[in-house]
Visitor: 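Below: one structure in structure tokens.
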Amino acid sequence: MKSTRESTLGRGFVAAIVSAALTLVVLWATTGPVNAYSLLGCEYDNDSISPISYRFFSVNSAYVTAFRNADIAWGQTSAPGYFEEHPWSLDPEINVVDGEYSGSWWAQVVYTCDSDGTYDGNEVEAQFDTGDMASLSANEKKLVAEHELGHAYGLGHVYSGCHVMRQGTYKFTCSGALPSSDDVAGVDAIY
């Protein structure tokens, strides 16, 4: 009797595992890999994503080109909202700057969140570290800028796969177009 019970429990246990696995596969298929994304910390209010304006403040031409090309790359996706350069704006949503910083990073987005989860003043600052980025190719600089625009949308990092929101050099070896459909799905999930 004892072995029959163990056998029955074993079959029930296996059936439960298979059922759970199928449920996870169905959930993954319907929600997509966007589950890998976490909100960076805050986001633009929905009225501010069409357009998300940016302005360069004394930025080296290599980073201006990278950022403009990153804007074009995001613009070729179906992500909600879009980025647009406003060269004379006194209050753009993204202030783009460059300089020598004391970190060990290529670039970062600096922001403050309001209590409602939106950027304070609907504004972030995209900072390019000219010292750490100096050895990157023009395409690598563009991918770093695409990554930072993903952060401006509110996306956090992913740690696997071929995505523009993958931290580090892995995105430089991707063969497909970036931002990927998963990057876009992450933005869709936020907005």
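The basis for the numbers below is simple: all heavy atoms, side chains too, and nothing from hydrogens, waters or symmetry mates.
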Visitor: Not counting sequence neighbours, which residues clear ring-ring contact (aromatic ring centres under 6.0 Å, His included) with Tyr111? List them please.
Guide: Tyr119
Visitor: Going by the rule side-chain hydrogen bond (donor to acceptor under 3.5 Å, both in side chains), which residues pair with Glu148 if we only count those two or more places apart in sequence or in a different chain?
Guide: none
Visitor: Scan for salt bridge (Lys or Arg N to Asp or Glu O under 4.0 Å) pairs involving residues 133-142, sequence neighbours excluded, and state none if there are none.
Guide: Lys142-Glu146
Visitor: Strictly by disulfide (SG to SG under 2.5 Å), give each pair with a member in residues 90-140 just once, sequence neighbours left out.
Guide: Cys42-Cys113
Visitor: Asp129: which residues meet the side-chain hydrogen bond (donor to acceptor under 3.5 Å, both in side chains) condition with it, sequence neighbours left out?
Guide: none
Visitor: Among residues at least two apart in sequence or on other chains, which ones pass ring-ring contact (aromatic ring centres under 6.0 Å, His included) with Tyr101?
Guide: Trp105
Visitor: Suppose the criterion is side chain to side chain donor-acceptor pair (under 3.5 Å): which pairs have a residue in residues 48-61, not counting sequence neighbours?
Guide: Asp45-Ser48, Ser48-Asn122, Ser53-Glu93, Tyr54-Asp71
Visitor: What is the minimum heavy-atom distance between Val164 and Asp183, and which atoms define it?
Guide: N-OD2, 2.8 Å
Visitor: For the ring pair (Phe, Tyr, Trp, His ring centres under 6.0 Å) test, which of Tyr153, Tyr44, Phe67 pairs with Phe83?
Guide: Tyr153
Visitor: Excluding sequence neighbours, so at least two apart, what forms ring-ring contact (aromatic ring centres under 6.0 Å, His included) with Tyr159?
Guide: none
Visitor: Is it true that the side chains of Asn139 and Ser137 contain a donor and an acceptor less than 3.5 Å apart?
Guide: no
Visitor: Tell me, please, which residues at least two apart from Asp47 pass side-chain hydrogen bond (donor to acceptor under 3.5 Å, both in side chains).
Guide: none
Visitor: Hey, could you give me each pair passing ring pair (Phe, Tyr, Trp, His ring centres under 6.0 Å) that has a residue in residues 124-148? Not counting sequence neighbours.
Guide: Tyr63-Phe128, His147-His151, His147-His157
Visitor: Tell me, please, which residues at least two apart from Gln127 pass side-chain hydrogen bond (donor to acceptor under 3.5 Å, both in side chains).
Guide: Gln108, Glu125
Visitor: Return each pair, listed once, that meets salt bridge (Lys or Arg N to Asp or Glu O under 4.0 Å) where at least one residue sits in residues 149-159; pairs must be two or more places apart or across chains.
Guide: none
